[in-house]
Amino acid sequence: MCIKTYLPALIVLATYQQALPQDFGQRRAEMVSLQLEPRGINHAPTLEAMRKVERHRFVPPACQQDAYRDMPLPIGYGQTISQPFMVAMMTQLLQPAPDDRILEIGTGSGYQAAILAEMAGEVYTMEIVPQLGAKAKQLLSELGYKNVTVIVGDGYNGWAEKAPYDAIIVTAAPEEVPPPLIAQLKEGGKIIVPVGAQTEEQTLVLIEKRNGELVKTALIPVRFVPFTRSKDMP
């Protein structure tokens, strides 16, 4: 089991060695067939990306045995990697295309960015915790994702340098959708974002920009880590 107080190094190493690469591959296949497809994930490119991307590479060693369970996992600095179903659902709602430019707010360990990069032309992902941003950048580079750019900064302001975006995905919960993100969305584009205070029920919201107007659809109750601003950093 993955625990927040990680195991001694020798035990972690032994646990890691017991999980053979083919075992992880089988677990990914079962994750898709048992957790995702029965719950309505049917977008073929999303399913293929979920089968391919090695989620165990994006979690701490002590959590690798739990990497393909349908649960969020701690990645340090008070942040988590979202459960596989939530990653797949948010991706399916965006349905990235090969020529899409996508902005992600909340890189975390880089897993969602890797899933998006399997489908989209360009992925720009912002992380406010420098240590997480650096680790994600290194890992994504090692895995060969040349179409992902990691930016360390306050995601509230988005990344105007590469706007407008075909889609924007937010993986932390603001109390309200940041106006700069709306401004950086292309006509016909989509934003998927969890909205709500930590003391209240959060809602996953899909926002579409149609003829200059915003069409908002409330989807399901969710629980995400809070949207952190620069002023909140130690």
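Tracing side-chain contacts under 4.5 Å through hydrophobic residues (I, L, V, M, F, W, Y), one reaches Val205 starting from Leu214; they form part of the same cluster. The hydrophobic clustering, which links ILVMFWY residues whose side-chain heavy atoms are closer than 4.5 Å, places Val152 and Tyr77 apart. Both Phe24 and Tyr111 are members of a single hydrophobic cluster when ILVMFWY side chains are connected at heavy-atom separations under 4.5 Å.
Atoms CE and CG, from Met86 and Leu204 in turn, are 6.0 Å apart once rounded to the nearest 0.5 Å. Atom CE in Met119 sits 9.0 Å away from atom CG in Leu94 (nearest 0.5 Å). Separating the SG atom in Cys63 from the CE atom in Met71 is a distance of 8.0 Å, to the nearest 0.5 Å. Note that CD1 of Ile115 and CD of Gln92 are 13.0 Å apart. Values are rounded to the nearest 0.5 Å. We find the CD1-CD1 distance between Ile207 and Ile182 to be 4.5 Å, quoted to the nearest 0.5 Å. The distance from the CG atom of Leu140 to the OG1 atom of Thr125 is 8.0 Å, given to the nearest 0.5 Å.
The closest side-chain heavy-atom distance from Trp159 to Pro180 is not below 4.5 Å. The shortest distance between side-chain heavy atoms of Val195 and Thr203 does not fall below 4.5 Å. Side-chain contact between Ile41 and Met50: absent, with no pair of heavy atoms (C-beta onward) separated by less than 4.5 Å. No side-chain heavy atom of Asp70 sits less than 4.5 Å from a side-chain heavy atom of Met31. You'll find the side chain of Leu36 reaches within 4.5 Å of the side chain of Phe85, heavy atoms only. At a threshold of 4.5 Å between non-hydrogen side-chain atoms, the residues Pro72 and Gln83 count as touching.
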Donor-acceptor contacts under 3.5 Å from residues 171-178 side chains, at least two apart:
residue	atom	partner	partner atom	Å
Thr171	OG1	Ile105	O	3.1
Thr171	OG1	Gly106	O	2.7

Cut-off 3.5 Å, no hydrogens considered: what does the side-chain donor-acceptor table look like for residues 218-227, sequence neighbours left out?
residue	atom	partner	partner atom	Å
Arg223	NH1	Gln198	O	3.1
Arg223	NH2	Glu200	O	3.2

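Summarising the local packing, CD of Glu213 is surrounded by 12 or fewer heavy atoms from other residues, nucleotides or ligands at distances under 6.0 Å. The environment of Lys190 atom NZ is dense: over 12 non-hydrogen atoms of other residues, nucleotides or ligands sit within 6.0 angstrom.
Judged by distance alone, with hydrogens and angles left aside, the side-chain atoms of Gln64 form no donor-acceptor pair with the main-chain N or O of Arg57 at under 3.5 Å. Although no hydrogens or angles enter the test, the distance criterion places a donor-acceptor pair under 3.5 Å between the side chain of Glu187 and the main chain of Asn211. A donor-acceptor pair under 3.5 Å is formed between the side chain of Tyr68 and the backbone N or O of His56. A donor-acceptor contact shorter than 3.5 Å links the side chain of Glu127 to the backbone of Val129. The backbone N or O of Ile128 lies less than 3.5 Å from no partner atom in the side chain of Arg229, so there is not a single donor-acceptor pair. Listed for the Arg28 side chain is a donor-acceptor partner under 3.5 Å among the backbone atoms of Arg51. Proximity of a side-chain donor or acceptor of Asn147 to a complementary backbone N or O of Ala117 within less than 3.5 Å is detected.
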Legend entry - Verdict with supporting geometry, Val123 and Tyr145, side chain to side chain contact (heavy atoms under 4.5 Å, CB included): CA-CA 10 Å; Val123 178; Tyr145 288 106; over 6 Å; no
Legend entry - Intermediate values then yes/no, side chain to side chain contact (heavy atoms under 4.5 Å, CB included), Ile81 and Arg55: CA-CA 9 Å; Ile81 182 175; Arg55 189 172 187 254; 3.7 Å; yes
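For the pair Ala136 and Ser109, the tightest heavy-atom approach, listed with the atom from each and the gap, is CB-O, 3.7 Å. What you find for Pro96 and Leu116 is that their closest heavy atoms are CG-CD2, 3.9 Å. Considering all non-hydrogen atoms of both residues, Met90 and Val170 come closest at CE-O, 3.4 Å.
Pairs passing the salt bridge (Lys or Arg N to Asp or Glu O under 4.0 Å) check and including a residue from residues 97-119, sequence neighbours excluded, read Lys52-Glu118, Arg101-Glu122. For the salt bridge (Lys or Arg N to Asp or Glu O under 4.0 Å) condition, the pairs that include at least one residue of residues 158-173, sequence neighbours left out, are Asp166-Lys186.
For Tyr165, there are no ring-ring contact (aromatic ring centres under 6.0 Å, His included) partners, not counting sequence neighbours. Under the side chain to side chain donor-acceptor pair (under 3.5 Å) criterion, Glu208 pairs with Arg210, not counting sequence neighbours.
Between the side chains of Thr91 and Gln112, at least one donor N or O sits under 3.5 Å from an acceptor N or O.
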